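Remarks on the structure that follows.
We're numbering straight along the sequence, starting at 1. Owing to the predicted nature of the structure, the values given are computational and were not obtained by experimental measurement.
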Amino acid sequence: MIRIGVISDTHLSHPTKELQDLADGPFKEVEMILHAGDMTELRVLDSFSGKKVVAVCGNMDSSMVRKEFPVNRVVGAGGYKIGLTHGWGAPQGIEERIARQFEGVDCIVYGHTHHSSARKLEGIFFFNPGAFGGGMSLSPRTVGLLTLGEKIAAEIIYL
């Protein structure tokens, strides 16, 4: 069984204590961290030093982040293929739009909407951890955990 920390929409220019607390809290036992974009600045990822971090860029990211990370990527873990993207446009229909960006994946992790979601749609497990927030969202501050075993399971963690 593999556990993966999932975060999106940090919207920060630098690491904060709250972000760094994730590494010693909810993300302490994870094998890797997926960041689904809108970190805003690269140094935000310094919060997770010592952990393997796989990230994509989002629509609010700086040019440095956009140079460093692709819009979409596929990550292999626990025998599963996970598509990682930020997403774009209106929340309505986002899963259908992002599904067209990937082929042969078991799970798609995305962000952008600032609302957490975990559901299976047409054979693909879609997981949005919600928004860490950095003060940008009226939604509750959340991150997520993916557990890859005999099946894919997800947990939303309210901070």
Side-chain angles (χ1 to χ4, degrees), residues 1-61 65 69 72-88 91-92 94-95 98-99 102 105-121 124-159:
M1 184 163 30
I2 294 176
R3 292 176 56 84
I4 299 172
V6 184
I7 188 169
S8 186
D9 297 277
T10 46
H11 293 287
L12 294 168
S13 59
H14 59 280
T16 63
K17 180 178 181 341
E18 294 84 6
L19 192 60
Q20 291 169 332
D21 286 346
L22 292 176
D24 294 323
F27 292 173
K28 185 174 184 172
E29 303 295 326
V30 302
E31 293 193 25
M32 79 171 76
I33 296 170
L34 301 179
H35 195 303
D38 276 5
M39 64 200 74
T40 310
E41 296 295 340
L42 281 175
R43 58 189 174 162
V44 167
L45 298 181
D46 293 346
S47 298
F48 308 121
S49 60
K51 298 279 186 188
K52 177 181 179 182
V53 178
V54 179
V56 291
C57 65
N59 59 300
M60 299 292 287
D61 283 320
V65 173
F69 298 111
N72 300 320
R73 66 193 321 169
V74 176
V75 180
Y80 293 99
K81 287 174 69 177
I82 302 168
L84 179 62
T85 192
H86 181 64
W88 68 95
Q92 298 77 20
I94 191 169
E95 291 166 344
I98 61 178
F102 298 98
V105 296
D106 304 292
C107 174
I108 297 177
V109 170
Y110 67 102
H112 187 63
T113 67
H114 290 212
H115 295 285
S116 57
S117 175
R119 69 184 190 129
K120 199 162 194 176
L121 180 66
I124 299 172
F125 190 88
F126 287 86
F127 185 47
N128 184 331
F132 182 81
M136 293 272 303
S137 178
L138 299 176
S139 303
R141 189 177 277 212
T142 57
V143 295
L145 288 173
L146 268 180
T147 302
L148 309 177
E150 288 185 29
K151 63 178 185 168
I152 300 172
E155 178 185 351
I156 304 297
I157 298 167
Y158 290 83
L159 304 172

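D46 approaches P15 most closely through the heavy-atom pair CB-CG, 4.1 Å. When every heavy atom of L12 is checked against every heavy atom of V44, the shortest pair comes out as O-CG2, 3.2 Å. Across G87 and I98, no two heavy atoms sit closer than the pair CA-CG2, 3.9 Å. For the residue pair G83 and F102, the shortest heavy atom distance occurs at CA-CE2, 3.6 Å. The two residues A77 and M32 make their nearest non-hydrogen contact at CB-CE, 4.1 Å. Taking both residues in full, the closest heavy atoms of A36 and V109 are given as CB-CG1, 4.3 Å, listed atom of the first, atom of the second, then distance.
Contact of the M39 side chain with the L45 side chain is registered, since non-hydrogen atoms from C-beta on lie closer than 4.5 Å. Side-chain contact check for V74 versus V105: some heavy-atom pair is nearer than 4.5 Å. No side-chain heavy atom of K151 sits under 4.5 Å from any side-chain heavy atom of K120. Taking 4.5 Å as the limit, every side-chain heavy atom of T147 sits out of range of all side-chain heavy atoms of I2.
In this structure, D9 contributes its side chain and G133 its backbone to no donor-acceptor pair below 3.5 Å. When atom types are taken as modelled, the side chain of Y80 and the backbone of G149 share a donor-acceptor pair closer than 3.5 angstrom. Between the side chain of R73 and the backbone N or O of A55 there is at least one donor-acceptor pair closer than 3.5 Å. In terms of modelled atom types and a separation under 3.5 Å, the side chain of D61 and the main chain of T40 share a donor-acceptor contact.
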Report task. Give the intermediate values and the outcome of side chain to side chain contact (heavy atoms under 4.5 Å, CB included) for residues L145 and V6. Result -> CA-CA 6 Å; L145 288 173; V6 184; over 6 Å; no

Requested in this report: Test E31 against K51 for side chain to side chain contact (heavy atoms under 4.5 Å, CB included), laying out the working first.
Outcome: CA-CA 7 Å; E31 293 193 25; K51 298 279 186 188; over 6 Å; no

Query raised in the report: Taking it one step at a time, do I7 and L22 satisfy side chain to side chain contact (heavy atoms under 4.5 Å, CB included)?
Result: CA-CA 10 Å; I7 188 169; L22 292 176; 3.7 Å; yes

Requested in this report: Might you work through the side chain to side chain contact (heavy atoms under 4.5 Å, CB included) test for H112 and M60, ending with a clear yes or no?
Outcome: CA-CA 9 Å; H112 187 63; M60 299 292 287; over 6 Å; no

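Both the sub-6.0 Å distance and the 45° axial angle are satisfied by R141 relative to the ring of F132.
Ring orientation note: the planes of F27 and F48 are tilted relative to one another, at an angle of 30° to 60°.
For the 3.5 Å distance criterion, the side chains of H86 and H35 fail to qualify, holding no donor opposite an acceptor. Side-chain polar atoms of N128 and T113 form a donor-acceptor pair below 3.5 angstrom.
Separating the OG atom in S116 from the CD1 atom in I157 is a distance of 11.0 Å, to the nearest 0.5 Å. Separation of atoms CZ (R3) and CG (L146) is listed at 10.0 Å; rounding is to 0.5 Å. Taking NZ of K17 as the reference point, atom OG of S47 lies at 11.5 Å (rounded to 0.5 Å). Here CD1 of I4 is found 10.0 Å from CG of L84. Values are rounded to the nearest 0.5 Å. In this structure, CZ in F127 is found 8.5 Å from CD in E155, a value given to the nearest 0.5 Å. If you take CD1 on I124 and CD1 on I82, they are separated by 12.5 Å, rounding to the nearest 0.5 Å.
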